[in-house]
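All values below were derived from every heavy atom in this structure, side-chain atoms included, with hydrogens, water molecules and symmetry-related copies excluded.
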Amino acid sequence: MAAKAALPLQKFGRRFVQLRSSVTSQNMSALRLYSTEKQPEEAAAGAADQKAPASSPELEQLTKDLAAAKEQNAELLDKYKRSLADSENMRNRLNKQISDAKIFGIQSFCKDLLEVADTLGHATQAVPKDKLSGNADLKNLYEGLTMTRASLLQVFKRHGLEPLDPINQKFDPNQHEALFQKEDKSVEPNTVVEVTKLGYKLHERCIRPALVGVSKC
């Protein structure tokens with residue numbers, strides 16, 4: 001009797017094991033399917049969270065501070081560039097003033113010497129040329145005055161001082177001073193037809209205009 005009763009129990013145990021294995025297998029399949037479907041959604045949600053970080057007061061404050069720092073940096077850089085430009089301009093002006101002082105520092109001295117050159121010129125012109133051959137002393141005096149004036153003009157030229165003789169040139173108010181007008185049909189109007197006093201320029205700067213007479217319009 002005991003052997004007969006144990007036989008149905010064994011069959012029931014085997015059947016139970018088979019059922020449990022079948023249920024477990026189905027549950028695992030469903031679990032894998034759920035996991036497979038759920039994983040992309042969770043991954044997408046995680047990526048979205050990474051792409052869109054949550055805003056915070058600290059982040060907003062840092063953004064404002066960065067913008068203010070950039071603005072201040074741009075302002076300081078602009079001031080620095082302006083300061084450099086001003087310094088360069090001042091340096092150039094100082095160099096120009098120093099150079100002009102070296103070149104034109106003798107301007108007043110040259111103006112005084114021009115009177116000496118004018119006097120020598122008038123003296124040589126006043127000597128009667130027709131009497132030079134018969135008077136040795138007068139000839140020597142004339143030659144001495146001429147040589148002195150020529151030597152003085154050479155010194156002027158060596159230091160950048162040159163005469164202005166604008167005869168037959170167009171009248172230039174920057175270099176000439178008109179004393180009178182003269183009728184002359186052989187030249188165009190406003191042409192220098194007579195020079196009563198030579199002008200002078202020092203390194204292309206007119207320090208004394210030529211006194212001239214111009215033709216009428």
**Q.** Lys/Arg N to Asp/Glu carboxylate O, Glu60 vs Lys64, below 4.0 Å
**A.** no
**Q.** Cluster overlap Val195 with Leu120, hydrophobic side-chain contacts below 4.5 Å
**A.** yes
Q) What distance separates Leu113 CG from His159 NE2, expressed to the nearest 0.5 Å? A) 10.0 Å
Q: State whether the number of non-hydrogen atoms from other residues, nucleotides or ligands found under 6.0 Å of Gln72 atom CD is greater than 12.
A: no
Q) Considering residues, nucleotides and ligands other than Lys129, do more than 12 of their heavy atoms fall under 6.0 Å from its NZ? A) yes
Q: Start with the C-alpha distance between Lys197 and Glu177, add both sets of side-chain angles, then the distance that settles side chain to side chain contact (heavy atoms under 4.5 Å, CB included), and finish with yes or no.
A: CA-CA 10 Å; Lys197 193 173 186 179; Glu177 182 178 346; over 6 Å; no
Q.
Before you tell me yes or no, could you show the steps for Ile207 and Leu161 under side chain to side chain contact (heavy atoms under 4.5 Å, CB included), namely the whole-Å CA-CA distance, both residues' side-chain angles and the distance that decides it to 0.1 Å?
A. CA-CA 9 Å; Ile207 63 173; Leu161 183 63; 3.5 Å; yes
Q. Does any non-hydrogen side-chain atom of Gln61 lie less than 4.5 Å from one of Asp65?
A. yes
Q.
Does this structure show an ion pair linking Arg82 with Asp86, if we count only N-O contacts that are shorter than 4.0 Å?
A. no
Q: With sequence neighbours left out, write down each residue that passes salt bridge (Lys or Arg N to Asp or Glu O under 4.0 Å) with Glu183, or none if nothing qualifies.
A: Lys185
Q. Is there a side chain to side chain contact (heavy atoms under 4.5 Å, CB included) between Leu141 and Val127 once you walk through the steps?
A. CA-CA 9 Å; Leu141 176 63; Val127 175; 5.7 Å; no
Q: Anything under 30° is parallel, anything over 60° is perpendicular, the rest tilted; go ahead and classify His176 against Phe171.
A: tilted
Q. Same cluster for Ile167 and Val212 if Ile/Leu/Val/Met/Phe/Trp/Tyr side chains link at under 4.5 Å?
A. yes
(Q) Could you walk me through whether Leu77 and Lys81 satisfy the side chain to side chain contact (heavy atoms under 4.5 Å, CB included) test, starting with their C-alpha distance in whole Å, then the side-chain angles of each, then the deciding distance to 0.1 Å, before giving a yes or no? (A) CA-CA 6 Å; Leu77 183 61; Lys81 291 181 178 180; 3.9 Å; yes
Q) Is the count of non-hydrogen atoms from other residues, nucleotides or ligands lying under 6.0 Å from Lys170 atom NZ greater than 12? A) yes
